[in-house]
Every structure is written in structure tokens, then in C-alpha cells.
Amino acid sequence: KKKKSRTRRAAFEYNQARNMFYMTSRSSIECNRGCQCQDGFALHEGNCIPVDSCTCETGYHHVTDVGCVNTDECSNEAGSTNSCSPTQYCVDTDGSYECPCLDGYYLNATVGDCLDIDECSLNLHNCSALAACNNIDASFECSCNAGFEGDGTNCTDIDECGEEIDKCHESANCVNTYGSYNCLCFEGFFGDGFNCSDVNECEIKNSCHYYASCENFPGNYSCSCLEE
């Protein structure tokens, strides 16, 4: 008579406290409940298989007694890396990752990277109409125009005359204007307001009588009748 062949079965020990079966052999066997494999074997899709044969799809890595789990490329988990550029941030997805642009950047399909958005030229800023927009990396700055003050989004006129920060000549009046000021030489003086000189009325047409002498002084003149 031929001897019947025997099928060697793996032995299990049950740990009631942990609700797990523990393999006592090195056979690959299907687990229907929570399992922990012996050293050199790992749980994969319900089976204990040799660790050397544990391979997972791209984007996943093997965890002993768990199986294939998602790899977080954004945190360089399990020796993984990501190709996000400095102008992108990494978002982990199931089995992969994405690289959206940082705020202030847009994806340029030609170069395949995120480039700075020029908010100034595209009129995407909130600068005041009385301010200049200056584009900077990933953002922009607003600076009030000369003659105005504020944070760039709100600008108000500077009263140079009232604040006595004008550069008018001492013989001139300061007149504030919107965003600037004017300097007007006093009566009896001439110039551009920043530089004023006395008008010598005695050397030009004046109201002195024919028989009177003219005496000039800063800003004015006087007439004195001639002695007989």
C-alpha cells in the first residue's frame, strides 16, 4: 500500500488578552484574525511571508505585521523623497503626493515650476491710488507717493507748511497743496520762493515824488521830501 502524504500545517498559539494568533512555524499561511508572524516573516494581505519577499507598489512601504501602508513623501518617511521646489509645498496623498504653488506664485507650464506673481503689473494689489506698488518675491509692497503719508493702502496729504517741514525761504510764504506745497516770496521780494531777494524799488519805478528821495530797505522803500 502506498503511504498517504501528509500536509504539514502551521501551529498556532492563541493569546486571549491580545486577541491574536501567533504562528509557531515558518510556513506562509493565511490569517483570518489578528496575527503576528515569527521573526523573518511579515504579515502581508493576511499572510505571513518572508520579509525578503515583501514588496509594495510605488508610494507605499511595508510595515511588519501590518502590511503595505501609504508612504508620506512630504516628511521623507521610509527614506522617501519628493520633488517639490522651494516655491511649492508638499501635500501627501494616498500612494503619492502633490506640489501646489505657495501663495504669491503660479504654475508656469513652460518651465514646470511655480513663478512669482507680479501683483503690481497685473493690478492684483490693494495699494492706494496715491501710492506706488513695488513687486517683491511672493508678494508686493505699497509706498505712499512723495507728499503723502500712510501705510501704502491708505495715504493722506502731508501739510508741509503746518508741520514746518517746508524749504521755503524766510522771506516767503508757504502754501500747502495736495501732495506738495508752494513757496511765494513776500511782497517787495522776488525769486522762486525757495530763494528770495529784495526788490530795490528805488532803482525801478516807484511812487516817490519828483522832489523826494527814495530809500530802499528789505521788502519795501520810503520817500522823503527833499529839503529846500
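For clarity, every value in this text was computed on a predicted model and none was experimentally measured.
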Is it true that a side-chain atom of [X] and a backbone atom of [Y] form a donor plus acceptor pair closer than 3.5 Å?
X	Y	result
D92	Y97	no
N206	E201	yes
Y181	K167	yes
N134	E141	no
D116	Y105	no
N135	F140	no
T153	N126	no
D157	G179	yes
S224	S213	no

So P100 and Y89, do their side chains get closer than 4.5 Å, heavy atoms only?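 Y89 vs P100: side chains touch.
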Reported [atom1]-to-[atom2] distance for the pair [X] and [Y], which is rounded to 0.5 angstrom:
X	Y	atom1	atom2	result
L115	L107	CG	CG	8.5 Å
S80	E73	OG	CD	5.0 Å
S180	N145	OG	CG	12.0 Å
D118	I136	CG	CD1	11.5 Å
F194	N182	CZ	CG	7.5 Å
N82	E77	CG	CD	12.5 Å

Do you know which of C223, C202, C214 makes disulfide (SG to SG under 2.5 Å) with C208?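 For C208, the disulfide (SG to SG under 2.5 Å) test succeeds with only one of C223, C202, C214, which is C223.
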Report, as yes or no, whether the 6.0 Å neighbourhood of atom CD on E187 holds more than 12 heavy atoms from other residues, nucleotides or ligands.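 No.
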Can you confirm whether the thiol sulfurs of [X] and [Y] sit closer than 2.5 Å?
X	Y	answer
C127	C120	no
C142	C133	no
C174	C183	no

Just do the disulfide (SG to SG under 2.5 Å) check on C68 and C56 with the steps written out, would you? CA-CA 6 Å; C68 291; C56 301; 2.0 Å; yes
From CA spacing to verdict: side chain to side chain contact (heavy atoms under 4.5 Å, CB included), V69, H61: CA-CA 6 Å; V69 298; H61 66 280; 3.6 Å; yes
Minimum heavy-atom separation for [X] to [Y], with atom names?
X	Y	answer
G150	C144	N-SG, 3.5 Å
C185	D192	SG-N, 4.3 Å
L130	C155	CD1-O, 3.7 Å
S83	C99	C-SG, 4.4 Å
N220	D198	N-OD1, 4.2 Å
V175	L184	CG2-CD1, 4.0 Å

Examine Y106 and V111 and state if one hydrophobic cluster contains both, with Ile, Leu, Val, Met, Phe, Trp and Tyr joined whenever side-chain heavy atoms are less than 4.5 Å apart.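 Yes.
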Run the numbers on S222 and F217 for side chain to side chain contact (heavy atoms under 4.5 Å, CB included), then give the verdict. CA-CA 8 Å; S222 64; F217 57 88; 4.1 Å; yes
Out of N70, D94, T71, which one pairs with Y60 under the side-chain hydrogen bond (donor to acceptor under 3.5 Å, both in side chains) rule?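 For Y60, the side-chain hydrogen bond (donor to acceptor under 3.5 Å, both in side chains) test succeeds with only one of N70, D94, T71, which is D94.
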Could you go step by step and tell me if Y221 and I204 meet the side chain to side chain contact (heavy atoms under 4.5 Å, CB included) rule? CA-CA 11 Å; Y221 66 100; I204 59 176; over 6 Å; no
